[in-house]
Amino acid sequence: MSAPRRFLAVLLSLPVALAPALAPGTASAETRVSVTSMASLGDSITRGFNACGFYLDCPSRSWSTGSASSVDSHYLRLKGANPSLVVHNDAKTGAKVAELPGQAERAVSQRAEYVTILIGANDACTPSEETMTSVADYEAAFRTALQTLTSGLPETAILVASIPDVKRLWEVAKDKAAARVAWATLNICQSLLERPRSTDPEDVARRERVRARVVDFNLVAEKVCAEYPTCRDDGGAVFDQRFELSDVNTWDYFHPDASGQHLLAELTYPSDDR
C-alpha cells in the first residue's frame, strides 16, 4: 500500500476521536506511516501569531506545522515516521475564508499528502457585526477550496479543525483590564468584544449572534468535509474546548500562546485516548 493510502487508512477509516495514535513512541508498527509532505491552510492561529513575541508570526509555534517541541505539532508527530517530512505553512495572518481557495491551490502545487484547515475566526471577528462574512459566502469559498484539494490531490488526507468559541475568550478575559485595553487599542474582534463589560441587552444579544455565526461556519465546514471521503473534521473538539486565559498570549489577549497552540495540537491530532 502506498504511503498516502496507508495514512488514509489510519487517519480516515475511523472518526478522528477514535482513530489510532500516530504520535512517535506510541504508534504501533501498523500505524507508523510515512508522509512525505504536509501543508497547513488558515489564518493567524495557524501562523502562530503572537505566540513568541509582539505582533509576530511564529510558525515554529503552530499547532499544525510548528517545530517547537513544546507545541508538539502535527508536523513533529508525523516527522517521527519520516525525518525528511517537508512542511508548508500556507496560512496567512488576517486571512478570511475567501483566501482559502488560493491557499488550497498552493497546497496542490506542493503535492501535500496531508493538509490541515482551520479558518473562519476572521470572518466572525470583524470591526462590526454588520461586516461578518455571510454563511452562504463562507460555504461557497470553503466548498471551492475542498474541491480544489480533492481534485488536485485525490489521495491526500484532509483534517478540518473547528473554529474556536470566540465568546469563550470574552468570558475568560472581559474582567481583565489589560485585555480590555488591548482589544480596544488594537481594534480586535469588535463585532464581539466592543463594550466587553456591558450588560445592555443589545450587547448581550450581539455577542450571541457572533457566536451563532461561528457555530454556523463550523456546521458548514463539517457538512462540506463530509462530502469527501478523504476529509475528516475534529468533531467540534476545538469549538467545545473550555480554554482558559492562560491559553492566550498577553500581547493581544486573543491569539493562542505556545500552551494554547499545544492544546490545539492535542485536540486535533488523532489519538487512541480520546
Side-chain angles (χ1 to χ4, degrees), residues 42-58 61-63 66 68 70-72 91 93-96 118-133 161-219 234-268:
D43 52 32
S44 54
I45 297 177
T46 300
R47 289 295 297 172
F49 185 74
N50 274 5
C52 65
F54 181 64
Y55 260 53
L56 296 173
D57 277 352
C58 302
R61 305 294 200 277
S62 170
W63 65 276
S70 60
V71 173
D72 199 15
T93 292
K96 294 184 178 183
L118 170 52
I119 198 162
N122 292 324
D123 293 274
C125 280
T126 59
S128 69
E129 181 185 357
E130 293 71 27
T131 55
M132 291 192 298
T133 300
S162 52
I163 305 162
D165 184 352
V166 293
K167 187 169 179 281
R168 173 64 179 171
L169 176 70
W170 168 80
E171 290 174 353
V172 300
K174 63 182 174 62
D175 293 325
K176 190 172 183 63
R180 298 195 302 273
V181 170
W183 295 342
T185 303
L186 301 173
N187 197 36
I188 294 173
C189 196
Q190 292 300 284
S191 55
L192 174 75
L193 300 175
E194 185 180 19
R195 299 186 295 277
R197 301 189 81 182
S198 171
T199 57
D200 182 88
E202 176 49 36
D203 288 321
V204 173
R206 169 176 51 81
R207 293 179 198 122
E208 288 300 324
R209 289 193 295 269
V210 174
R211 184 179 189 273
R213 187 63 56 93
V214 172
V215 170
D216 288 341
F217 290 162
N218 281 333
L219 289 173
D234 70 352
V238 173
F239 179 83
D240 291 339
Q241 177 65 30
R242 302 287 290 173
F243 60 86
E244 302 298 333
L245 188 58
S246 59
D247 296 319
V248 298
N249 73 80
T250 54
W251 302 107
D252 62 13
Y253 291 92
F254 184 74
H255 292 90
D257 60 8
S259 66
Q261 291 284 347
H262 173 73
L263 178 60
L264 286 172
E266 285 289 296
L267 290 169
T268 55

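Here the structure is a predicted model, which means the values were calculated and not measured. Along the sequence shown, residues are numbered consecutively beginning with 1.
- Judged purely by atom type and a 3.5 angstrom limit, S259 uses its side chain to pair as donor or acceptor with the backbone of S246.
- A donor-acceptor pair under 3.5 Å is formed between the side chain of Q261 and the backbone N or O of I45.
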TODO: For the pair R168 and E244, evaluate salt bridge (charged side-chain N to carboxylate O under 4.0 Å, His left out) and give the outcome as yes or no after the intermediate values.
DONE: CA-CA 9 Å; R168 173 64 179 171; E244 302 298 333; 3.3 Å; yes
Verdict with reasoning, E171 to R242, per salt bridge (charged side-chain N to carboxylate O under 4.0 Å, His left out)
CA-CA 10 Å; E171 290 174 353; R242 302 287 290 173; 3.6 Å; yes
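- To the nearest 0.5 Å, the span separating CG on D165 from CZ on F243 amounts to 6.5 Å.
- Between the side chain of W183 and the backbone N or O of Y253, at least one donor-acceptor pair lies under 3.5 Å.
- Within the model, atoms CG of D252 and OG of S44 stand 8.5 Å from one another, a figure rounded to the nearest 0.5 Å.
- Side-chain N or O atoms of R211 include none that pairs as donor or acceptor with a backbone N or O of V166 at under 3.5 Å.
- For the atom pair CZ of R213 and CD of E208, the computed distance is 14.0 Å after rounding to the nearest 0.5 Å.
- At distances below 3.5 Å, at least one donor-acceptor pair connects side-chain atoms of W170 with backbone N or O atoms of P196.
- Heavy atoms only, all atoms of each residue included: R47 and A91 are closest at CD-O, 3.2 Å.
- Taking D123 as the reference, K96, V97, T133, Y138, F217 meet the side chain to side chain contact (heavy atoms under 4.5 Å, CB included) condition, with sequence neighbours excluded.
- One finds the CD1 atom of I188 at 9.0 Å from the OG1 atom of T185 (value rounded to the nearest 0.5 Å).
- Rounded to the nearest 0.5 angstrom, S162 OG and L264 CG are separated by 9.0 Å.
- Under the 30°/60° scheme for interplanar angles, the aromatic rings of F49 and H255 are found to stand perpendicular.
- Rounding to the nearest 0.5 Å places CG of L263 at 12.0 Å from CH2 of W63.
- A distance-only check finds a donor-acceptor pair linking the side chain of N50 to the backbone of Y55 [under 3.5 Å].
- The main-chain N or O of I163 is found under 3.5 Å from a side-chain atom of N218 such that the two form a donor-acceptor pair.
- Taking all atoms of both residues into account, the shortest heavy-atom contact from A161 to L118 is O-CD1, 3.5 Å.
- In terms of heavy atoms, C58 sits closest to G53 at SG-N, 4.1 Å.
- Heavy atoms only, all atoms of each residue included: D240 and G235 are closest at OD2-O, 4.3 Å.
- Side-chain N or O atoms of T126 include none that pairs as donor or acceptor with a backbone N or O of S191 at under 3.5 Å.
- Q190 and P127 make their closest contact through CB-O, 3.3 Å (heavy atoms, listed as atom of the first residue, atom of the second, distance).
- Under a 3.5 Å cut-off, the side chain of R206 and the backbone N or O of E194 do form a donor-acceptor pair.
- The closest side-chain heavy-atom distance from P164 to V238 is below 4.5 Å.
- Looking only at distances, a side-chain donor or acceptor of S62 sits under 3.5 Å from a matching main-chain atom of T46.
- Closest of all the heavy-atom pairs between S70 and H262 is O-ND1, 3.4 Å.
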